[in-house]
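Since the model is a prediction, treat every value here as computed from it, not as a measurement. One-based numbering, in listed order, for ligands and for the atoms of each. Hydrogens, waters and symmetry mates play no part in the numbers below; they use all other heavy atoms, side chains included.
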Amino acid sequence: MNVRDSERLATVLASFGHEVVDSEDVADVYILNTCSVREQAEIKAVGKSRYLARKKLRKGDVLLGIVGCMAENLAENLFKLNPGIDFIVGPRCIGELPELLSNGNINRVALLGEAKADDITESVHNFSRRNVCASVSIMQGCNMKCSYCIVPKTRGRETYRSMEDIVAECEALVKNGTKEITLLGQIVNNYGQNTLANGNGKSPFVQLLERIDSIPGLGRIRYMSPHPKGFRRDLIAAHARLAKLCPSVHLPVQSGSDRILKAMRRPYTRARVLFIVEALRNCAPNISLTTDIIVGYPGEGEVDFQETVDLLSAVRFNMAFIFKYSPRVGTISATLPDDVSDDEKDRRNKVLLDIVQRCSIEHNETMVGNEVEVLVEGKAKRGENKLCGHTKYGDKVIFDGHDTLTGEFANVKITNYSTTVLCGELIGV
Ligand code: SAH
Ligand code: SF4
């Protein structure tokens with residue numbers, strides 16, 4: 001979501017006559033897009049903003065702005081933490097940044113909270129280059145109150161874009177060469193809840209998926225980040241029905257302990273998670289599943305932790321993001337004692353990472369010798385003549401080839417692997 005925010009910010013500023021440059025040395029404005037989900041993200045961003053303030057002092061005549069969730073979360077305190085900051089803009093006001101920059105005379109300006117007007121940057125993409133894979137934000141904000149989470153404070157309540165707008169944006173992307181679209185939202189599968197009507201037992205989100213699935217020329221659809229509560233029958237069945245919907249789902253479970261899930265205010269149980277997993281696997285065999293887990297939530301005992309260990313071992317997620325619990329001021333759980341020590345959080349983190357790595361290696365091992373279809377995204381970061389792309393299951397694949405293949409679906413035979421990447425040989429397109 002932050003990557004998409006940065007992209008639309010850069011593109012909209014370019015349309016106002018600004019230019020994105022490669023180096024801080026030649027920039028007139030430094031804009032730092034930030035995250036607040038964990039304290040570590042904020043510590044890093046404040047550190048980077050101090051580095052930029054020092055650069056600004058040496059260079060003179062440069063503006064420094066902080067945008068995104070940390071701007072909203074720390075608000076005017078940021079000016080005290082770093083007196084070199086000239087403006088702060090929360091995630092809902094990103095569309096007002098071009099106007100702010102055209103005003104000149106910017107001295108500790110804060111654009112926070114709700115935006116003054118509709119965000120004109122929402123559907124903006126850089127059409128001057130081809131984006132094989134593009135992200136489309138379909139909603140903003142989150143109405144849940146997970147006890148640990150700062151997002152509802154920084155991004156506000158849920159607002160949904162119109163289906164017409166979203167479909168038009170997807171069509172424009174496809175016309176420009178996009179082959180894969182990822183729909184984005186904090187609870188993406190909550191799209192349109194209580195504002196758009198269900199039709200034939202299908203939620204607005206599933207109706208939207210159907211419309212995007214029928215766009216000619218589009219190859220794949222993904223969505224991020226769904227919530228387990230939104231995996232009802234219609235969405236699960238969509239994975240069997242919709243040809244372009246990738247057999248790859250992120251199912252952020254956070255914990256395998258019902259006691260901890262309740263304390264976190266996550267409205268589902270471990271049994272429900274297992275039911276969803278089985279239903280998805282019945283609809284889309286070999287579907288790839290990933291998850292988010294928090295270790296060391298207040299009061300998480302060894303028994304609770306073992307339930308998470310068991311859940312990971314039982315489901316065999318293809319990948320999991322494991323986070324050490326980080327108290328965020330302003331959330332419900334920040335008032336509870338952070339009673340799992342750092343060392344113990346580290347230990348639990350490592351135990352879970354080991355399980356995930358083992359599952360990942362075992363999966364990658366079974367892929368050797370298989371022929372897979374890869375959507376070529378472009379040159380790999382490392383290696384001469386190496387191309388990089390993903391399978392519909394989300395496996396990253398690297399192979400030798402010419403970058404004229406970018407945007408094509410290539411058949412690749414898997415010959416080797418590491419923990420996170422499959423390596424292969426091009427067979428054809
Ligand atoms: N809307 C998504 C998650 C958004 S935040 C959902 O509901 O699943 C991304 C991930 O960051 C979360 O899934 C959670 O695992 C992690 N996270 C959020 N707040 C956290 C905190 N205070 N400490 C540690 N991890 C946190
Ligand atoms: Fe945060 Fe996700 Fe919970 Fe919303 S649903 S409060 S974004 S963890």
Could you check whether the rings of F321 and F323 sit parallel, tilted or perpendicular, using 30° and 60° as the cut-offs? parallel

Check ligand 1 against P252 and write out every atom of the ligand that is under 4.0 Å from a heavy-atom position of the residue. 8 (O)

Nearest neighbour of atom 26 (C) of ligand 1 from the list N190, T331, I294, on a heavy-atom basis: I294

Distance from N189 atom CG to M139 atom CE, nearest 0.5 Å? 8.5 Å

Return the residue, atom name and 0.1 Å-rounded distance of the protein heavy atom closest to atom 19 (N) of ligand 1. Y148 CD1, 3.3 Å

Electrostatic pair E42:R328 at N-O distance under 4.0 angstrom: yes

Go around atom 4 (Fe) of ligand 2 and count every protein N, O or S atom nearer than 2.8 Å. 1

Residues E302, R347: salt bridge by 4.0 Å N-O rule: yes

Among non-hydrogen protein atoms, atom 5 (S) of ligand 1 lies closest to V37 CG2, 4.1 Å

Examine the side chains of N131 and E7 and answer whether a donor and an acceptor come within less than 3.5 Å of each other. yes

Which protein heavy atom lies closest to atom 9 (C) of ligand 1, and at what distance to 0.1 Å? D292 OD2, 3.9 Å

Distance from atom 24 (C) of ligand 1 to nearest protein heavy atom, with residue and atom: K324 O, 3.4 Å

What I want to check is whether the side chains of H363 and D395 have a donor and an acceptor closer together than 3.5 Å. yes

So which protein heavy atom does atom 14 (C) of ligand 1 come closest to, and at what separation? Q254 OE1, 3.4 Å

Side chain or backbone, does R328 bring an N or O within less than 3.5 Å of an N or O on ligand 1? no

Quick check on I187 - does any of its heavy atoms sit under 4.0 Å from an atom of ligand 1? no

Determine whether a donor-acceptor pair (N or O, by modelled atom type, separation under 3.5 Å) exists between the side chain of K396 and the backbone of V421. no

Are any of the side-chain nitrogens in R241 or D213 under 4.0 Å away from the carboxylate oxygens of its partner? no

Are R266 and ligand 2 in contact, using a heavy-atom cut-off of under 4.0 Å? yes

Criterion side-chain contact (heavy atoms from CB on, under 4.5 Å) against F87, the qualifying member of L78, L111, L97: L97

To the closest 0.5 Å, what do you measure between CD (Q254) and OG1 (T308)? 10.5 Å

Which of parallel (below 30°), tilted (30 to 60°) and perpendicular (above 60°) describes H239 and Y223? tilted

Identify, for atom 22 (N) of ligand 1, the protein heavy atom at the shortest distance, and state residue, atom and that distance. S326 O, 2.8 Å

Between T159 and Q140, do the side chains contain an N or O donor and an N or O acceptor separated by less than 3.5 Å? no

Would you indicate which of R266, M224, E39, M144 comes nearest to atom 6 (C) of ligand 1 when only heavy atoms are counted? R266

Return the residue, atom name and 0.1 Å-rounded distance of the protein heavy atom closest to atom 25 (N) of ligand 1. F323 CB, 3.5 Å

Per-atom contacts, ligand 1 versus R38 - under 4.0 Å to a heavy atom: 11 (O), 16 (C), 17 (N), 23 (N), 24 (C), 25 (N), 26 (C)

If you round to the nearest 0.5 Å, how far is CG of D342 from CG of N349? 11.0 Å

Top protein contact for atom 2 (C) of ligand 1, by heavy-atom distance: Q186 O, 3.7 Å

Would K345 and D338 count as a salt bridge (charged side-chain N to carboxylate O under 4.0 Å, His left out) if you check the C-alpha gap in whole Å, the side-chain angles of each, and the deciding distance to 0.1 Å? CA-CA 11 Å; K345 282 181 191 164; D338 183 13; 2.9 Å; yes

Regarding ligand 1, does Y325 bring an N or O atom to under 3.5 Å of one of the ligand's N or O atoms? no

